[in-house]
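Report on the structure given below.
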Amino acid sequence: MSEKTPLANQCSFMGIRPIIMDLPYPPLQVNEPNPAYAALLSVDYCGAVSEMSAITQYINNENRLSHDKCPMAKTLLGIAMAEMMHLQKLGELIVLSGGNIDFIAKFPNGKKRMWTPEYLTIPENARKMILADIEAERAAIHQYQMHIKAIRDENINAVLSRIIQDEEYHILILQNMIKETA
């Protein structure tokens, strides 16, 4: 009887670090509790365009690519780790603003929606994955810019502006990755 060798992923993720701009984040503080600001931040936290969606989409793509495209998978994991940092910072700001972390996005019109994997784009190949990731980063930047206009707290806006810098950096990295998929 011969022993079967188990299949294993040969892509090592040791030493992977978050892919972020080499700049500090502003302190996590707010001028005063403001439930309206907490609600806006909840959309960034767990809405359709959110850090929760970004993390899940990047991890899914990383898992699907790690067997055949290890360097690409490592980059996606580093970006996912950065998105996790953003999620943590948004969560802190939500709590400081008087909100709850419950994976329910609270919209200005009073509508509420719990995060769902239906928000994800799961394309069939690496090129389409990266293009979907670029589009998601652009949508996140646009949403953060809209929220900065609506929020009158320089502390919150400083953190959102800093997160935008990471998202712009991710777009540059992803655009370079597109060349590898051609």
Side-chain angles (χ1 to χ4, degrees), residues 13 15-32 34 36-62 65 71-97 99 101 103 105 107-108 115 119-121 126-127 129-181:
F13 292 101
I16 301 296
R17 300 183 51 79
I19 296 177
I20 59 173
M21 295 291 294
D22 189 17
L23 300 167
Y25 287 94
L28 297 175
Q29 58 191 27
V30 300
N31 288 339
E32 60 188 12
N34 186 318
Y37 295 168
L40 278 176
L41 294 171
S42 76
V43 175
D44 297 323
Y45 188 86
C46 63
V49 175
S50 68
E51 298 299 337
M52 186 68 191
S53 294
I55 292 164
T56 309
Q57 186 165 306
Y58 278 119
I59 291 295
N60 180 273
N61 291 346
E62 172 269 315
L65 294 175
M72 192 176 283
K74 287 180 177 185
T75 300
L76 294 181
L77 181 58
I79 294 173
M81 293 168 75
E83 306 298 358
M84 289 176 204
M85 292 172 60
H86 299 164
L87 185 76
Q88 188 278 330
K89 291 174 187 326
L90 290 171
E92 288 286 332
L93 291 173
I94 291 167
V95 171
L96 290 170
S97 296
I101 305 300
F103 294 102
F107 298 92
W115 186 86
Y119 293 150
L120 306 180
T121 301
R127 181 173 181 77
M129 285 179 201
I130 303 307
L131 288 171
D133 292 340
I134 290 170
E135 186 54 39
E137 293 285 2
R138 287 182 177 144
I141 290 167
H142 176 74
Q143 183 169 287
Y144 280 128
Q145 290 168 336
M146 298 297 290
H147 289 174
I148 287 170
K149 289 177 184 173
I151 294 172
R152 301 284 178 241
D153 183 320
E154 68 280 354
N155 297 299
I156 295 172
N157 286 341
V159 175
L160 298 183
S161 294
R162 174 61 187 81
I163 290 172
I164 287 172
Q165 290 178 300
D166 286 341
E167 308 299 21
E168 290 170 339
Y169 185 47
H170 296 161
I171 290 172
L172 292 174
I173 290 167
L174 293 166
Q175 287 172 331
N176 282 328
M177 287 174 65
I178 281 291
K179 297 171 190 167
E180 298 172 29
T181 64

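We're numbering straight along the sequence, starting at 1.
- Under a 3.5 Å cut-off, the side chain of Asp166 and the backbone N or O of Met21 do form a donor-acceptor pair.
- By the 4.5 Å heavy-atom criterion applied to side chains, Met81 and Ile20 are not counted as neighbours.
- Proximity of Tyr45 to Met52: side-chain heavy atoms (C-beta onward) are nowhere separated by under 4.5 Å.
- Side-chain atoms of Arg162 come within 3.5 Å of backbone atoms of Pro24 as a donor-acceptor pair (strictly under, hydrogens ignored).
- Across all their heavy atoms, Ile19 and His170 have their closest contact at O-NE2, 2.7 Å.
- At a threshold of 4.5 Å between non-hydrogen side-chain atoms, the residues Ile151 and Leu40 count as touching.
- A donor-acceptor pair under 3.5 Å is formed between the side chain of Gln57 and the backbone N or O of Thr121.
- In this structure, Ser53 and Leu120 approach most closely via the heavy-atom pair O-CD2, 3.4 Å.
- Looking only at side-chain heavy atoms (C-beta outward), Asn157 and Glu154 stay at 4.5 Å or farther from each other.
- For the pair Asp44 (side chain) and Ser50 (backbone), a donor-acceptor distance under 3.5 Å is absent.
- Contact annotation: the side chain of Thr75 never approaches that of Ile16 to less than 4.5 Å [non-hydrogen atoms, C-beta and beyond].
- With a 4.5 Å cut-off on side-chain heavy atoms, Glu168 and Leu172 do not count as touching.
- Distance alone, capped at 3.5 Å, is enough to place a donor-acceptor pair between the Tyr37 side chain and the Arg152 backbone.
- Taking both residues in full, the closest heavy atoms of Ala105 and Val43 are given as CB-CA, 4.0 Å, listed atom of the first, atom of the second, then distance.
- In terms of heavy-atom proximity, Asn155 sits nearest to Val30 at ND2-C, 4.0 Å.
- Of all heavy-atom pairs spanning Leu96 and Leu28, the tightest one is CD1-O, 3.4 Å.
- Heavy atoms only, all atoms of each residue included: Ile156 and Ser97 are closest at CD1-OG, 3.8 Å.
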